[in-house]
Each structure stands twice: as structure tokens, then as C-alpha cells.
Amino acid sequence: MFRTRVVEILGNETSPGKVTVMGWVRTKRDSKAFSFLELNDGSCLANLQVVADAGIPGYEEGVMPARTGASVKVEGMIVPSQGQGQRWELQAVKVELLGAAEEDYPLQKKGHSMEFMRSIAHLRPRSNLFGAVFRVRSRMAYSIHRFFQERGFVYVHTPIITASDCEGAGEMFRVVTMDGEVVKTGEEEFFGKPTYLTVSGQLEGETFACALSDIYTFGPTFRAENSHTSRHASEFWMIEPEMAFCDLLADMDLAEAMIKFLVSDALEACAEDLGFFNQFVDKGLLERLKFVRDRSFERITYTEAVDLLKASGEKFEYPVEYGLNLQSEHERYLTEKHFRCPTTVYNYPKEIKPFYMRKNDDGKTVAAMDLLVPGIGEIVGGSQREERLEVLRANLAEHGLDESHYDWYVDLRRYGTVPHAGFGLGFERLLMFVTGVANIRDVIPFPRTPGAADF
RNA sequence: UCCUCUGUAGCUCAGCGGUAGAGCGGGUGGCUGUUAACCACUAGGUCGUUGGUUCGAUCCCAACCGGAGGAGCCA
């Protein structure tokens with residue numbers, strides 16, 4: 001089957017002449033003597049306008065029954081459009097109906113609510129919005145690999161089924177086998193011990209960084225948290241670079257460079273789709289993305305942030321106090337009202353951070369950092385890892401963890417330990433930031449949230 | 001897990017203590033180089049479920065179920 005993609009046709013300076021195009025009908029306007037078909041093949045946001053004169057081969061069988069949602073094959077000439085609104089149009093010489101759409105095709109030409117679109121997740125990529133979202137998602141995945149590969153990072157596939165529990169990362173899904181309706185436990189466990197779906201590849205990533213220097217992971221992660229918000233999903237994708245011979249400063253530099261790289265690439269490679277978001281989803285999107293691309297980010301220590309929030313005069317629902325976690329409202333104030341740009345907060349009190357983060361010399365804080373962006377909040381969380389054997393052991397004990405569960409992790413500090421650091425970036429949150437789409441369910445093809453695992 | 005909002009036609013919503021309406025979508029016909037086309041006609045609903053109050057409930061009350069938003073936790 002040979003076809004020309006719509007994106008190739010519409011980008012032409014001169015007519016490509018005779019082409020065959022296949023796609024889905026977005027809308028059709030009939031008159032007595034001819035029909036206009038808006039054809040979309042997903043290769044770009046724009047449709048190709050097809051002009052089909054009554055009487056051409058396939059008009060009765062191909063064009064007339066082709067209502068919204070139908071798939072068609074059109075052969076014809078690309079000619080300059082007589083009408084307003086498009087440069088090129090396809091003057092059809094032959095139309096073939098590939099697949100009719102039944103009368104109850106749910107996508108209308110008019111806008112639908114996001115809730116309804118979620119209920120038809122198998123059809124929503126055929127809409128302008130979701131087509132654009134998922135083209136951008138694909139491009140950003142590609143760009144992430146490019147960013148790291150160009151910098152000499154090695155891509156590591158950390159396991160999805162894991163026996164390790166990356167402490168502090170939340171509730172986990174158990175992986176079990178069944179005997180009929182009975183879950184096999186104890187001696188019967190498939191792996192001989194309890195296993196889970198991974199909540200993070202970080203600990204395994206550290207082992208590879210302590211061999212290949214600079215590595216990254218990029219894969220699905222799972223959290224069994226019962227959280228109902230627009231920013232949480234039970235299954236999501238995460239990018240986790242880990243670097244040997246690296247401290248917190250270089251870690252923050254990398255996180256910021258990565259955000260800038262991705263935003264810059266999106267602005268260039270996804271201009272049409274971002275323009276659509278800017279018009280219909282978030283009027284300030286392009287301005288904000290250009291700002292992020294061109295300006296430097298703010299950096300502030302946790303202690304400075306607490307002082308700043310206390311002195312702000314702003315009324316918060318939750319108290320600002322050294323030693324307490326920054327609440328969403330506090331993060332939002334910093335990044336949306338005070339600095340009005342992405343902000344990295346670092347050096348958090350050790351009590352509110354997990355065991356693997358490196359203790360600072362002040363004895364009170366750890367070398368942790370969160371990169372906050374306007375509208376989303378935390379998009380990156382990272383730290384320099386504790387590389388000193390005795391300090392790590394003490395941390396495990398302080399957190400009430402059994403060292404025997406982490407023997408392989410502790411080994412890294414026994415055999416040629418090195419300063420190292422890394423971070424985790426939520427892929428869907430990045431996409432929310434880049435597209436302006438407000439709900440995480442709308443930037444992942446088939447979202448899994450508590451109580452919902454359709455499709 | 002907690003708090004708030006919400007559930008009427010395929011979709012988006014209006015409505016009212018006396019058993020329902022619009023726009024879009026669908027169907028039929030017409031018309032026009034149209035472009036969220038236009039015009040006319042037409043078919044669609046046990047008003048989320050179960051109880052209760054009432055002469056009478058889609059409307060008031062309760063519980064449950066579903067959806068959404070926020071908090072916490074995090075990415």
C-alpha cells in the first residue's frame with residue numbers, strides 16, 4: 001500500500017502533483033455537485049481538504065456514506081485551494097471507502113468535555129487535542145533519549161518486577177501468582193519471596209552508575225497510592241539519570257539543562273501542536289515555555305525558602321516552619337508568585353527525606369533538591385547519594401530499616417565508593433508542563449488511577 | 001484516607017412538588033467553493049440506584065454507586 005502523509009503534502013512549497021492519501025474523515029460538507037472532505041491521518045494537526053466532484057469513480061459508494069469517523073482512500077491532484085483557510089487541497093479523481101463509521105460514532109466536530117474523552121480513550125487520539133498531545137509525547141520521549149545519549153549517558157533497563165522497596169516512594173503493588181482464586185504466599189511464592197511492581201529504578205540505577213559512570217532509566221513505574229488529584233496516576237513513566245563523580249550542584253545543573261533542552265526542542269519540533277494548545281488549552285503557554293527556555297532558573301535553599309515564605313506576609317492554610325515539608329501552596333507561591341519561573345529548592349532537613357540522601361556538613365540537612373515549575377509544582381526530585389559506608393549504615397538505622405534488605409546497595413559503598421547523584425523526572429508532569437494540559441489522565445494514553453483501569 | 005462539588009436525550013446543558021426542553025450530534029430532504037457551513041422536517045430520555053417524606057418526586061431528605069476538583073503523599 002503506498003500513500004503520502006498529509007504532513008508531507010501540506011509542508012510543500014510546490015504541488016507534489018498526483019498523490020494517494022488515506023485517513024479518517026473529520027467532517028464532510030456536501031452540495032449537489034460536489035463534496036468537501038476534511039481528511040486527517042494523524043501525521044499532523046491540520047486536515048487535508050479533499051474536493052470530490054459528484055460523478056467521479058467512487059462518489060456514490062465512497063464519498064456519500066463517508067460521515068465523520070469513516071476511513072477513506074483518495075487519489076487525486078494536489079492543487080492550490082480556491083477557498084480561504086488552506087493553501088493546498090486535493091482534487092479527487094477516485095475515492096474508496098475503507099471503513100464506514102456507524103451512526104453512533106461518538107466524536108463530534110464540536111468540543112467534548114475531557115471527562116467524556118476519557119471514557120472513549122480508544123477514540124480520543126482521533127481528536128485534534130489528543131492527537132497533538134500524543135505526538136508531543138512521542139517527540140519528548142525521543143528528545144529525552146537524545147539529551148542523554150548526546151551527553152554519553154548509557155540507557156539502563158531497570159526491572160519492573162522488584163523485590164527491593166525504594167523506601168519513601170510510596171505504596172507498592174504486589175506481584176503474585178494464583179492457584180485458582182487463591183493467592184500463593186510463603187513457600188508458594190513464585191519468586192520465593194514477596195515481589196512488587198517497581199516504584200523507582202533509582203537503587204538499581206545507582207549500581208550501574210557505579211560501573212558505567214553516567215546512566216539513565218526511562219520506563220514505567222507504579223504507585224498504589226489512593227490519591228485523587230489531577231497530578232497523580234497509578235502507572236506513570238519516569239526518567240531517572242544517575243551520575244558517578246557528581247555532586248548536588250552538577251545534579252541541579254543537569255536537571256535544569258534537561259528541562260531547557262526539552263522545552264526548546266518542543267518549541268521547535270512541535271510548533272503546530274503547541275500553537276494549538278496555546279490557542280485552545282492555555283493562552284499563556286508559548287510565552288511561558290519561551291521564558292523557561294531563555295531565562296535562568298532560580299535556586300534557593302530550603303532554609304532560605306522557609307524564611308522567604310515566613311516574611312512574605314501571605315496567608316497560608318498550612319504553617320511554614322523549619323522541619324516541615326513545603327506544602328503545595330508554599331511551592332506554588334515560590335514558583336508562581338515570588339519568582340515566577342522554575343525554581344530549585346535544595347538542602348532539605350534530613351528528617352523529611354529518605355535514607356539514601358547525602359548528609360551535609362551542617363549535620364541538619366541533606367543534599368536533596370526539588371525542581372518546581374509554575375502550574376504543576378514538583379517536576380523533578382533528586383539528591384546526591386550518601387556514599388560514605390558508615391554514614392549510610394547510620395541512616396538506615398535512623399530510618400528504622402533493616403540493613404540486610406539493602407546489602408547489595410550497601411556493597412556499592414564497600415567496593416570503590418564514589419560521590420554520585422541523580423534525580424527522577426515525572427514524564428507525564430513534564431508533558432503537562434509542555435502542553436498546558438491540566439490533568440495527568442489526559443497526557444497518558446490509557447490512564448490508570450484508583451478504581452479505573454479501563455481499556 | 002479526608003474535604004467539596006456533581007449525576008436530566010449519543011454529547012453539552014436548561015428546567016420544575018403535578019411524570020420533561022434547547023443547542024450540537026443522528027436520520028430524511030433542500031441549497032451553496034464549503035471550511036465548528038446553512039435551511040426545513042424528524043427520531044431519541046423508566047431525569048444514576050435504592051429507600052423515605054408527600055395525595056403526588058426528576059425536583060425535598062438519606063444511603064449507596066459513578067464522575068470531577070482539592071488536601072495529604074509524591075513524580
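Predicted model, so just to flag it, every value in this text is computed and none were measured. In what follows, every chain begins at residue 1, and chains take the letters A, B, ... in the order their sequences are listed.
- Across the strands present, B:rU4 finds its partner in B:rA68; the criterion is a Watson-Crick or G-U wobble pair with both atom distances under 3.5 angstrom.
- If you check distances only, the side chain of A:Q108 never reaches the base of B:rU12 with a donor-acceptor pair under 3.5 Å.
- Distance OH (A:Y348) to P (B:rC74): 11 Å, rounded to an integer number of Å.
- Distance CG (A:N226) to P (B:rC2): 9 Å, rounded to an integer number of Å.
- Shown here, B:rG52 is classed anti by the O4'-C1'-N9-C4 or O4'-C1'-N1-C2 angle, which is more than 90° from 0.
- Side-chain N/O atoms of A:H232 and base N/O atoms of B:rC74 include a donor-acceptor pair closer than 3.5 Å.
- Counting any heavy atom pair closer than 4.0 Å across all strands shown, A:S230 reaches sugar-phosphate atoms only and no base atom.
- For B:rG33, the base is not stacked against the aromatic ring of A:F34, per a cut-off of 5.5 Å between centres and 30° between planes.
- Side-chain to base pairing of A:Q84 with B:rU34: no donor and acceptor N or O lie closer than 3.5 Å to each other.
- Checked by distance alone, A:R29 brings no side-chain donor or acceptor within 3.5 Å of a matching partner on the base of B:rC31.
- When rounded to the nearest whole Å, the span between NE2 of A:H112 and P of B:rC13 equals 12 Å.
- The base of B:rG26 does not come close enough to the side chain of A:E103 for any donor and acceptor atom to sit less than 3.5 Å apart.
- Between the P atoms of B:rU19 and B:rC2, the separation comes to 41 Å (whole Å).
- Distance check on atom P: B:rG44 versus B:rG27 gives 16 Å, rounded to whole Å.
- As the counterpart of B:rG29, B:rC39 is assigned, both hydrogen-bonding distances of the Watson-Crick or G-U wobble pattern falling under 3.5 Å.
- Heavy atoms of A:E89 sit under 4.0 angstrom from at least one base atom.
- What separates CG of A:L372 from P of B:rC74 is a distance of 14 Å, to the nearest Å.
- Rounded to a whole angstrom, the distance from the P atom of B:rU42 to that of B:rA22 is 11 Å.
- Under 3.5 Å, the side chain of A:R223 and the base of B:rA75 form at least one donor-acceptor pair of N or O atoms.
- Put simply, CD on A:E331 is 15 Å from C1' on B:rG70, counting in whole angstrom units.
- As a whole-Å value, the separation of A:M369 CE from B:rA75 P is 11 Å.
- Using a 4.0 Å heavy-atom cutoff across all strands shown, A:R231 reaches at least one base atom of the nucleic acid.
- Pairing for B:rG21 goes to B:rC13, judged as Watson-Crick or G-U wobble with the two contacts each under 3.5 Å.
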